[in-house]
There are 2 protein chains.
Amino acid sequence: MDKTKLLKELRNKGYKVTPQRQEIIEVLSEREGHQSAEEVHKRICSHYPAMGLDTVYRNLALLRNLNIVSEINFGGKNRYELNRDGDGHSHHLICLGCGVSQKLDFCPLDYFDWNKVLKKDFKVKNHRFEIFGYCSHCIQIEENEGEGEE
Amino acid sequence: MDKTKLLKELRNKGYKVTPQRQEIIEVLSEREGHQSAEEVHKRICSHYPAMGLDTVYRNLALLRNLNIVSEINFGGKNRYELNRDGDGHSHHLICLGCGVSQKLDFCPLDYFDWNKVLKKDFKVKNHRFEIFGYCSHCIQIEENEGEGEE
DNA sequence: CACCCAATTAGGAAACATTCTTAATTACTA
DNA sequence: TAGTAATTAAGAATGTTTCCTAATTGGGTG
């Protein structure tokens, strides 16, 4: 979905098309993977210093609710990505080193035996599936660090 | 795995068996589902008011690193659960209303085509799979709230 | 049993991401 | 072009988690 279309969709739904929103959508569409609110804010500020961090959060939440971006949480913060395909639903392979993510062509729910769940009268709202690890660039760094945890 | 065994394991690995650690393990073993650090702290404080919240966090992190408890994140906070089975690896069906979780007898990785991933030279460290929704008790509450988000 | 010392603790301060509050500004409609 | 509700910036506030420091304590050793 391209930027112009998204802005039109916003206007149709009664939301104002502000320069801030345009900037956020622009920055999201420039990159493939996930970006944190802080990253989005920083990148916009480099040429639009008046941008407020709160505005970034507020609009990312709006776009998430409109199913225009998807949000995932790792490393203690939320990250956002434009839904480029239709259903706004995807899973990722994520590098713990550099944070780069790669879309997976796989959804566990396609293989899940729903009879076991539906029997329990559970109303499914959403799900999460992510694989974490280290990409080829970050493997060496990780090996040097070793098991430096508690 | 029972409590006495866990305490013995801690001692064998060179960690001290403090009353605080015993309390934390006790509280975790009393309930099936996930508990937040704050919940654990509150429950301990009810009969052991000197317990520090920081101590709860510190020890939950220790137990997580020792693979004795597993940590999942939802609703903006981490929650912890004792690993009662062997490998310390499980997935859950989680109610967004009451937070009660139910273990799933399913792991997506068993159905995942690893050739696609390994080809990319990616070192897998861990993964996440959870299904969120509303349990039979919370469905009605959720329906009354409607789509009150934006 | 008494001693010792590294591990552990409580408490408060700090860090961190995120949300709220408020008054001012602005996009869109008529 | 004016009116108005939505949106904004800025900083304050919130909530979770971690860090710091001095005091305490578990458990091995003599």
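All values below were derived from every heavy atom in this structure, side-chain atoms included, with hydrogens, water molecules and symmetry-related copies excluded. Letters A, B, ... are given to chains in the order of the sequence lines, protein chains preceding strands, and every chain is numbered from 1.
In this structure, the helix from dC1(C)-dG30(D) to dA30(C)-dT1(D) shows an angle of 30° between the axis at its start and the axis at its end, each fitted on 5 base pairs and rounded to 10°.
For the pair Lys13(A) and Glu9(A), the salt-bridge criterion is met [side-chain N within less than 4.0 Å of a carboxylate O].
Listed by residue number, Glu38(A), Leu53(A), Asp54(A), Tyr57(A) are the residues of residues 32-58 of chain A with a heavy-atom contact under 4.0 Å to DNA chain C.
Under the 4.5 Å side-chain heavy-atom criterion for ILVMFWY residues, no single connected hydrophobic cluster contains both Leu63(A) and Leu53(A).
Computed from coordinates, the Glu71(A) CD to dT19(C) C1' distance equals 13 Å when rounded to whole Å. One interatomic measurement links the two molecules: CG of Leu62(B) to P of dT17(D), which rounds to 17 Å at whole-angstrom precision. Rounded to whole angstrom, the span from the CG atom of Leu10(A) across to the P atom of dC28(C) amounts to 10 Å. With rounding to whole Å, Ile24(A) atom CD1 is found 11 Å from dT8(D) atom C1'. Regarding Glu23(B), its CD atom lies at a distance of 17 Å from the P atom of dT8(C), rounded to whole Å. Following rounding to the nearest Å, Asn73(A) (CG) and dC16(C) (P) show an atom-to-atom distance of 17 Å. Between the CZ atom of Arg64(B) and the P atom of dT17(D) there is a distance of 11 Å, given to the nearest Å.
Residues His89(A) and Cys107(A) form a side-chain contact, since some pair of their non-hydrogen atoms from C-beta on lies under 4.5 Å apart. Using a 4.5 Å heavy-atom threshold, the side chains of Leu10(B) and Ile25(B) count as touching. The closest side-chain heavy-atom distance from Thr55(A) to Met51(A) is below 4.5 Å. Between Ile131(A) and Leu109(B), the closest side-chain pair of non-hydrogen atoms falls below 4.5 Å. With a 4.5 Å cut-off on side-chain heavy atoms, His137(B) and Val100(B) do not count as touching. With contacts defined as side-chain heavy-atom distances shorter than 4.5 Å, the pair Val27(B)/Ile24(B) does not qualify.
In summary, the aromatic rings of His91(B) and His127(A) are positioned with their centroids too far apart to meet the 6.0 Å limit. The distance between the ring centers of Phe106(B) and Tyr111(A) does not fall below 6.0 angstrom.
Both cation-pi conditions hold for Arg79(B) and Phe74(B): the charged atom is under 6.0 angstrom from the six-membered ring centre and inside a 45 degree cone around its axis.
Under the side-chain hydrogen bond (donor to acceptor under 3.5 Å, both in side chains) criterion, Gln22(A) pairs with no residue at all, not counting sequence neighbours. Partners of Lys103(B) under the salt bridge (Lys or Arg N to Asp or Glu O under 4.0 Å) rule, at least two apart in sequence or in another chain, are Asp85(B).
At dT17(D), one or more side-chain N or O atoms of Asn78(B) fall inside 4.0 Å of OP1 or OP2 (strictly under the cut-off). At dT8(D), one or more side-chain N or O atoms of Asn59(A) fall inside 4.0 Å of OP1 or OP2 (strictly under the cut-off). For dA10(C), the OP1/OP2 oxygens have a side-chain nitrogen or oxygen of Gln20(B) closer than 4.0 Å.
Each of Arg11(B) and Arg79(B) was assigned the nucleotide of DNA chain D with the nearest heavy atom; the assignment lying further toward the 5' end belongs to Arg79(B).
In the set dT18(C), dT16(D), dT7(D), the nucleotide with an atom closest to the side chain of Lys77(B) is dT16(D).
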Give every pair of a protein N or O atom and an N or O atom of nucleotides 21-23 of chain D that lie under 3.5 Å apart, one pair per line with the distance.
none

Dump every N/O contact between nucleotides 2-7 of chain C and the protein below 3.5 Å, one line per pair.
residue	atom	partner	partner atom	Å
dA6(C)	N3	Lys16(B)	NZ	3.4

(request) Show your working on side-chain hydrogen bond (donor to acceptor under 3.5 Å, both in side chains) between Gln35(A) and Tyr80(A) and close with a plain yes or no. (result) CA-CA 5 Å; Gln35(A) 303 179 59; Tyr80(A) 302 84; over 6 Å; no

